[in-house]
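Here is how names work: the chains are called A, B, and so on, in the same order as the sequence lines, proteins then strands, and each is numbered from 1. Hydrogens, waters and symmetry mates play no part in the numbers below; they use all other heavy atoms, side chains included.
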Protein chains: 2
Amino acid sequence: MAESRRETLIEAAAQLLDQGGPAAVTLRAVGKAAGVSHNAPYKHFDSKEALLAAVAGRELRRPSQTLDVGPFERLWAGLRLYAAWAVRHPERFSLTVSRWTEENAAFAAAQAEARADWVTLVFAAQAAGRLPPGDAERMTALLLSTAEGAVNLALTGRLSKTGPGHASPEDLIDDLFVSLSRR
Amino acid sequence: MAESRRETLIEAAAQLLDQGGPAAVTLRAVGKAAGVSHNAPYKHFDSKEALLAAVAGRELRRPSQTLDVGPFERLWAGLRLYAAWAVRHPERFSLTVSRWTEENAAFAAAQAEARADWVTLVFAAQAAGRLPPGDAERMTALLLSTAEGAVNLALTGRLSKTGPGHASPEDLIDDLFVSLSRR
DNA sequence: ACCTGAACACCGTTCAAGT
DNA sequence: ACCTGAACACCGTTCAAGT
């Protein structure tokens, strides 16, 4: 039951985050939404930041859509889906790519695992000859940089929404892939 | 004199930001550092967020190093310098690429101007035949996405600092330029 | 082990009052 | 026009006390 209470608190925090942004996530509001007192969260989390890190960690572990295609297509489509999810859930995305003032072991582990999954895909796409050779980890960093940077440009209103310069984060991901696969 | 007091408040906020992160920027601390009461800032700014937006706007208007080379080289070196500055001033960088809950006209104008400067450079580099053709604004978005995304990867500890996968934000900018200019 | 209510030291913001 | 000090309604966190 303790585990379910913990999950309830994480879910309540995530809901508040979606609805009102970071400012709406107060321990009092989280407690109220979970039906407990405002400091009950301290029995499950060291601090408010630890609770938010748990929210972020849960997002990182969200199951990714499995596609029955080759690694290169899975990588490309996966990054597009990642960007589309991020634009649809800006607060959760921001949390997963934000900096933390405390050490959050579980979050760091989830983050490392997510990154390793991308590296594996990149490596396979290179082995299939669909991406240029070179260190897979470094190429993964380039892909994630562009994807996350493009999402942030969109979220901060710095992508033209109309006219010839119009581009969505997915368009920019496409541009990078086209440039990378042109040999 | 009013203008100087305003500048003093902005500088005090920037200093506190550098030293202790966003949490250290309280109106009480800003007032103290500027030698005024904790609510004197309200005579110059609508809110704490407006003060932070002024800090961010000042960073966006910081003069860029001028290099006596062609537009393509200026663009490439300019993005590298941007990334290097961001890694050295993570809090100021984060502020300039963050989302705001209020409308900040002056900040939005500074941001649009900074972006237009990049577009001008990209356009000139394309005209010089050093970058592939295509909409300059969209290509600018791709370049900024990668640069800012790479900086954020570095700031959140997601770039290998050692081994074969090691890459700095500047390395990733280089990778993108190499890929773009390979015809 | 988990939870509560009261309390503490903050915080952003407002307001009446001063110059 | 600019500033002050007091006050308000919050906030995260701590603590003594309960089960």
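Atom-to-atom, CG of B:L51 to P of C:dT13 comes out at 10 Å; the value is rounded to the nearest Å. Residue B:L27 contributes atom CG, which lies 16 Å from atom C1' of D:dC8 at whole-angstrom precision. Across the protein-nucleic acid pair, A:R28 atom CZ and C:dG5 atom C1' stand 11 Å apart, rounded to whole Å. Separating the CG atom of B:L9 from the C1' atom of D:dC3 is a distance of 12 Å, rounded to the nearest angstrom. For B:F45 and D:dC3, the CZ to P distance is 11 Å, given to the nearest whole Å. Computed from coordinates, the A:K48 NZ to C:dC11 C1' distance equals 12 Å when rounded to whole Å.
The hydrophobic clustering, which links ILVMFWY residues whose side-chain heavy atoms are closer than 4.5 Å, places B:V25 and B:W100 together.
The salt bridge (Lys or Arg N to Asp or Glu O under 4.0 Å) pairs that include a residue from residues 63-88 of chain B are B:E73-B:R130, B:R80-B:E170, B:R80-B:D174, where partners are two or more places apart or lie in different chains.
For B:E113, the salt bridge (charged side-chain N to carboxylate O under 4.0 Å, His left out) test picks out no residue, with sequence neighbours left out. By the side chain to side chain donor-acceptor pair (under 3.5 Å) test, B:D135 is found to be paired with no residue, residues two or more places apart in sequence or in another chain being considered. Residues that satisfy the side chain to side chain donor-acceptor pair (under 3.5 Å) test with A:D117, not counting sequence neighbours, are absent from this structure.
Phosphate proximity of C:dC3 to A:H44: present, with a side-chain N or O under 4.0 Å from OP1 or OP2.
Between A:V36 and B:E102, the residue anchored closer to the 5' end of DNA chain C is A:V36, taking for each the nucleotide with the nearest heavy atom.
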- [ ] At under 4.0 Å between heavy atoms, which parts of nucleotides 14-19 of chain C does protein reach? Answer with one letter per nucleotide, 5' to 3': B base, S sugar-phosphate only, - none.
- [x] BB----
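Side-chain atoms of B:R115 come within 3.5 Å of backbone atoms of A:R158 as a donor-acceptor pair (strictly under, hydrogens ignored). Not a single donor-acceptor pair under 3.5 Å links the side chain of A:E137 to the backbone N or O of B:P164.
Within 4.0 Å of A:V25, counting heavy atoms only, lie sugar-phosphate atoms of the nucleic acid but no base atom.
Relative to the ring axis of A:W85, A:R62 places its NZ or CZ within 45° and under 6.0 Å from the centre.
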TODO: Would you write the dot-bracket representation of DNA chain D, where each base gets (, ), [, ], | or . depending on whether it forms a Watson-Crick or G-U pair under 3.5 Å and with which partner?
DONE: ||.|||||...|||||.||
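With distances taken from any side-chain atom of A:S37 to the nucleotides C:dT4, D:dT4, C:dG12, the minimum falls on C:dT4. For B:S47, whose side chain is taken as the heavy atoms from C-beta onward, the closest listed nucleotide among C:dG12, C:dT13, C:dC3 is C:dT13.
A salt bridge is defined here as a Lys NZ or Arg NE, NH1 or NH2 lying under 4.0 Å from an Asp or Glu carboxylate O, and B:R6 with B:E11 fails to meet this definition.
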